[in-house]
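Since the structure comes first, as structure tokens, the remarks are kept for the end.
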Amino acid sequence: MKKMTDLLTYELNRMKTGYVILMGLIVVLQTGAVFLVNHWYVRNFEIFQRETQGSILEFQEQFGPATYVDVVNNVFFNFAIFLGLILLCMYALGIWYRDWIGKNNLSYRLLTLPGSRMSIFFAKLLTILFMIAGLLALELVVIVLGDQLLSMIVPNELYQSTTLVQVINMHPVLFIVLPPTIVDFFVHYIVGISALVVLYMMILLELSYKWKGILIDFAIVAVSFLVVIVAVQSSVFKYLFPHEVLLIGVFLSIACAVLAGFISKKLLQSKITV
Amino acid sequence: MKQKKRMILGLAIFFMGIICSYYVRIAFAETTKPSFTITIEDGEKSGLDSLHLPTYVWQGGQGQSVEVSTEGTQYKKNPIFQSMYIQQPFEMESLRLRYPDFIRGKEAYSSNFTESDTYLFYAPDYYPSFQEEKKKEISLSLTSYNKETKEEEVLGNITVSSEKLINHVTIRTISYTEPYLVIQMMIGEEYDSSTHIYVYDIEKQEVVSKIKAESSPEAEEHGSTIDLFVLNQEDLMLLSVESWQVYSEEEDEIIPEVFRTFTMYSIERDEKVDVTVPEEFNKTDAYLYAEDEMVYLIQYEEGIVSILPYNIYTETVMEVNEIPVKADIFGETNYELELIPTHEGIMLLERHIYSSDDPAGVVAVRLPSMEKIVEGSIEMEAVNGSDAYFEKAYFE
């Protein structure tokens, strides 16, 4: 446990600068989106007033009120979301390879540390989960404060408040990472964490067996696709009720994660090379 | 190092705290969930006592199912503990909960099922898999479930044949009039699809009538729908009413116009029967309902529900019956209304409630006497931005 927490602290310490910059970029881009939406409304209202001499209420009738949903649909807001998502995915892979690639790599020291080698695995996994939790929390805070900011800068007659759930439901990525029900939150993160554990097992296979490992990884992906296609094509899903399909999906995810964790342990203990 | 670890732990708790507060906030929002009150404005005081309205409520970006009745509003579960992956339409969920053994392995659409007091009947769709060779003739197995003995029985097969290869068969509606099952299905062929009606005699265990619904090009172009009514007089008749809407624009206002064609078939003689309906039945936005030997044209306008009955056998138009109701019971027109058959006759119901200020109206009429049973309203008490949709309306 101590080794794992030490390694986790070490991993978080290594990524903190990049992570803080990423968080800062997200805040700047998404706050910028609020100002852009305000600018659009104010500019278009001026044009509307000049051309039609209409009132602010007539403008609102024609263009609709300014809500945080407009901010969510803004390109800057979406760019920030996808930036966070892509960088996080890249770092989930990079967290292993940065220790194994290059001269004087760190992997040698990591593997020679006393204690269970699975601590390395869990430290890397928890680092990614910590990063995900941080970005989710940041997104929630940015949306709440962004809505407050929008209400302050947009003329009162034009502003309409929206709930946090409404905003999140409007965005396809936010809807998946922060689903509106706690059951779906657990379902998404059980499946997501299992996928991450399997991915880490595949990385360890590659690091352990090199080209053979890559072939094994391809075989795993191919077999997984085949199993899914066969299951969908067969009448097995038709025979099950939706809640049973969901339970089986969750159970299989946990089973895959446990199996992948077990294989990863074996690889780390006896097969991995530097 | 220890300080760093403490900071990491603190940050992790802080992040999780924010995420948890999001879900706690959703759960806490439950205290302001909408409630519904059914009020009788006029008519029999017990007229809406057994009315049940499975309703879908949309509030603050989140939907949930509730059951509305005169006893109050019943929320099934806190929506935060439900999953979007297991949500089913009310009718299908109700069937699954009542008859799980029979429903297992069958289509998940209520249009494939019909119920009588004793039986639940089922007709499957046909969708061949990619590997399966397409055929010109397929067989659909009809099954029933005896609610008393809890036994499943194969009633027999319907052979569906076509001159071209069959891509799919989709059951549109299935209804039961002892001893017949009337099944409306869409047969999809290559580049073409057509609606067919099969009448299956449960006692004789055979198809007694096979009808291809003939649609005019205009009806097809406007996406017509077919309503089937089994008219039970000396000879059992099947009245098929095809309706379609044409939208015209007048002074920036889009006005829908409803067109209808009527076709009647004798089930026992398996032949088409000539049917004549008055001109006003063919082109009107009024609702149409048929029962026994009568066809009713039902319309609401400015505080009056008018019912024009027509005896389809004797071809006699009877006097219009005007039922006065509260002027503001419904909106201005009947576009928002829905006609729902009941045990005693029909019910007109506004299916949507868009805000707390605009209750939904309901008027129930007894047929064939055409007397008003009850008129009332369903009020929603909710925070702004909530709206509700009655998924189904039935009397228990």
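Owing to the predicted nature of the structure, the values given are computational and were not obtained by experimental measurement.
- Comparing A:V144, A:D6, A:L12 by how many heavy-atom pairs each has under 4.5 Å with chain B, the most go to A:D6.
- Top candidate by heavy-atom pairs under 4.5 Å with chain B, chosen from A:V141, A:V236, A:L240, A:N13, is A:N13.
- Options A:I168, A:L138, A:V187, A:V167 differ in how many heavy-atom pairs under 4.5 Å they form with chain B, and the most are formed by A:I168.
- Looking at A:K16, neither its backbone nor its side chain comes within 4.5 Å of chain B, counting heavy atoms on both sides.
- Of the two parts of B:M84, the backbone and the side chain both hold a non-hydrogen atom closer than 4.5 Å to a non-hydrogen atom of chain A.
- Both the backbone and the side chain of B:Y85 have a heavy atom closer than 4.5 Å to some heavy atom of chain A.
- For B:Q87, no part lies near chain A; criterion is any non-hydrogen pair under 4.5 Å.
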Inset, instruction - Start with the C-alpha gap between B:K106 and B:N112, add the side-chain angles, then the distance that decides, and say whether side chain to side chain donor-acceptor pair (under 3.5 Å) holds. - result: CA-CA 9 Å; B:K106 296 187 170 61; B:N112 293 74; over 6 Å; no

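- Here the shortest heavy-atom pairing between A:V142 and A:V27 reads CG2-CG2, 4.0 Å.
- No donor-acceptor pair under 3.5 Å is formed between the side chain of B:D358 and the backbone N or O of B:I353.
- Counting only N and O atoms by type, the side chains of B:K4 and A:T9 include no donor and acceptor under 3.5 Å apart.
- Around the OH atom of B:Y127, the shell of radius 6.0 Å holds more than 12 heavy atoms that belong to other residues, nucleotides or ligands.
- A distance below 6.0 Å separates the ring centres of B:Y99 and B:Y145.
- Ranked by heavy-atom pairs under 4.5 Å with chain B, the list A:L129, A:L164, A:L140 is led by A:L140.
- Proximity to chain A (any heavy atom under 4.5 Å) is shown, for B:I103, by both the backbone and the side chain.
- Heavy-atom distances place both the backbone and the side chain of A:L178 under 4.5 Å from chain B.
- With a threshold of 4.5 angstrom between heavy atoms, A:E244 approaches chain B through side-chain atoms but not through N, CA, C or O.
- Interface summary for chain B: among A:T162, A:V183, A:L136, A:D184, the most heavy-atom pairs under 4.5 angstrom belong to A:D184.
- The aromatic ring centres of B:F15 and A:F130 sit less than 6.0 Å apart.
- Checking side-chain atoms of A:D70 against main-chain N and O of A:T67 turns up a donor-acceptor pair under 3.5 Å.
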